[in-house]
Amino acid sequence: MSAESERKTETIPEWKREEIDALVETLGQYESVGIVDLTGIPSQQLQDMRRDLYGTAELRVSRNTLLARALEEVDDGFEQLTEYISGHVGIIGTNDNPFGLYQQLEASKTSAPINAGEVAPNDIVIPEGDTGVDPGPFVGELQSVGANARIQEGSIQVLEDSHVLDAGEVVSADLANVLSELGIEPKEVGLDLRAVFSEGVLFEPEDLALDIEEYTRDVETAAARARNLALNASFPTAQTLPAQLGKASGEAKNLAIYAAIEDEAVMPDLVSKADGQVRALAAQIDDQEALPEELRDLEAPETESSDETTEDETEDVDEADEAEEADAADEDEDEDDDGDAGAALGDMF
């Protein structure tokens, strides 16, 4: 410790020294440490949040100067968090990863009424419908803040969704009273994570705000593509081997059938294939008397290719027809050219 640090330590009152030591001890217990914004959170609600965090994270609130001093004493990169200490903040420690901490804090936020003089965190809209308020002066208050309201069917009705304030604008006293009367709570109250330091890396909220469903879909898509790549590249893995073995077995069987390999596994298929070929040949012979009795009056077996034509096959046929037509056209042009050349020669002689 430098002489200047020793001098600072000596001038710190005992109670501050004890508080710093307690903060340093807290920081040393957790793998992830963050700074959270506590602005606008009522004392009772803050106590409830602390209770909800129990077992997964610990929240400590102290003077900003003492928080900064504790972070500097711990060092190891934690001093980077001092840049985020301003206003009403606290320090939070957890052994969860930063992403889990961020998701937990976001999920713990609750809606709350907004007071006059506060800045709207988002657009404020009074929804269409029955307000449940009896006819009276309140309809004028609604209209004064920009809501399309009328007295209908014995109560005050808002005739359409009414946009009454833009995000970033200051809430007036009249609007705050109207929202309170309607039970509209347009703001969220909770612990806003300003930054978190974990395993030598500093994370800010925009780094941690992940769309879990989209991330899950991306991982599933990547896994499916990796499996297809492994199958097409014949790369054996625990996930692809069953499919690869099935494919290899099928290809081996097809090869044995077309090569007429007399193997026990393919003999039934070879016999069936031979029977079909004999039937097809017998059906082509007009003189039935020339055939053995068991082959007379047989119809040619139907083949899959004669009944069903796949799209690929259709495309191949179309392309072949187009090619033949193009060749025929070229031949016609050649013949025309030859004829013209002959006529020209005749004229010359």
Side-chain angles (χ1 to χ4, degrees), residues 26-42 45-61 64 67-68 71 74-112 114 118-125 166-168 184-230 237-240:
T26 298
L27 293 173
Q29 295 175 356
Y30 299 103
E31 297 177 1
S32 302
V33 174
I35 301 296
V36 291
D37 190 350
L38 309 177
T39 304
I41 302 178
Q45 196 164 1
L46 182 59
Q47 295 301 321
D48 294 340
M49 291 177 182
R50 273 181 165 169
R51 185 174 58 252
D52 293 339
L53 290 171
Y54 181 77
T56 58
E58 180 180 356
L59 175 65
R60 290 290 300 268
V61 180
N64 288 359
L67 291 176
L71 290 169
V74 173
D75 199 6
D76 294 334
F78 284 98
E79 70 276 3
Q80 298 179 55
L81 292 173
T82 58
E83 299 178 10
Y84 301 90
I85 297 178
S86 63
H88 189 198
V89 298
I91 195 166
I92 190 167
T94 181
N95 287 323
D96 194 2
N97 64 71
F99 297 93
L101 176 62
Y102 177 83
Q103 294 293 333
Q104 182 183 11
L105 295 182
E106 288 297 304
S108 67
K109 291 183 177 180
T110 58
S111 59
I114 196 166
E118 292 188 61
V119 175
N122 41 54
D123 293 348
I124 297 179
V125 176
D166 292 329
I184 296 175
E185 299 179 336
K187 70 176 184 179
E188 282 188 332
V189 176
L191 301 174
D192 286 321
L193 190 63
R194 290 188 177 181
V196 59
F197 185 83
S198 178
E199 297 184 1
V201 181
L202 182 70
F203 297 91
E204 293 187 332
E206 54 267 26
D207 302 321
L208 304 172
L210 297 179
D211 185 332
I212 301 301
E213 293 183 358
E214 181 181 0
Y215 187 80
T216 301
R217 288 195 297 270
D218 289 343
V219 172
E220 291 173 347
T221 300
R225 289 176 177 174
R227 183 177 185 276
N228 289 338
L229 176 60
T237 68
Q239 289 73 29
T240 60

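Just so you know, these numbers come straight off a predicted model, no measurement behind them. Values below: every heavy atom of this structure, side chains too, minus hydrogens, waters and symmetry copies.
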Does any part of the side chain of [Y], heavy atoms only, come nearer than 4.5 Å to the side chain of [X], both counted from C-beta?
{"X": "L71", "Y": "I91", "result": "yes"}
{"X": "Y84", "Y": "L202", "result": "yes"}
{"X": "T216", "Y": "E213", "result": "no"}
{"X": "S108", "Y": "D52", "result": "no"}
{"X": "K109", "Y": "D192", "result": "yes"}
{"X": "L59", "Y": "M49", "result": "no"}
{"X": "D37", "Y": "L191", "result": "no"}
{"X": "L67", "Y": "R60", "result": "no"}

Exercise. Output, in order, the C-alpha distance, side-chain angles, deciding distance and verdict of side-chain contact (heavy atoms from CB on, under 4.5 Å) for T237 and R227.
Key: CA-CA 9 Å; T237 68; R227 183 177 185 276; over 6 Å; no
What are the two closest non-hydrogen atoms of [X] and [Y], and how far apart are they?
{"X": "S32", "Y": "V196", "value": "CB-CG2, 4.1 Å"}
{"X": "A230", "Y": "T240", "value": "CB-CG2, 3.7 Å"}
{"X": "G190", "Y": "I41", "value": "O-CD1, 3.2 Å"}
{"X": "I114", "Y": "A120", "value": "CD1-CA, 4.0 Å"}
{"X": "N64", "Y": "G87", "value": "ND2-O, 2.9 Å"}
{"X": "S198", "Y": "F203", "value": "O-CE1, 4.2 Å"}

Quiz item: Pick one: which of Q45, R51, R50 meets side chain to side chain donor-acceptor pair (under 3.5 Å) with D48?
Solution: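 Output: one option passes, namely R51.
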Quiz item: Any sub-3.5 Å donor-acceptor pair from D166's side-chain atoms to D123's backbone N or O?
Solution: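 Flag not set: sc D166 to bb D123 has no pair under 3.5 Å.
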Quiz item: Looking at NZ of K187 and OG of S111, how far apart are the two atoms once the value is rounded to the nearest 0.5 Å?
Solution: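 One gets 11.0 Å once the value is rounded to the nearest 0.5 Å.
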Self-check item: Pair listing, side-chain hydrogen bond (donor to acceptor under 3.5 Å, both in side chains) test, anchored in residues 86-101, at least two apart
Solution: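 Checked against side-chain hydrogen bond (donor to acceptor under 3.5 Å, both in side chains) - neighbours excluded - the pairs reaching residues 86-101 are S86-R194.
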Quiz item: Yes or no on side-chain contact (heavy atoms from CB on, under 4.5 Å) for L105 and L53, after CA distance, side-chain angles and deciding distance?
Solution: CA-CA 9 Å; L105 295 182; L53 290 171; 4.1 Å; yes
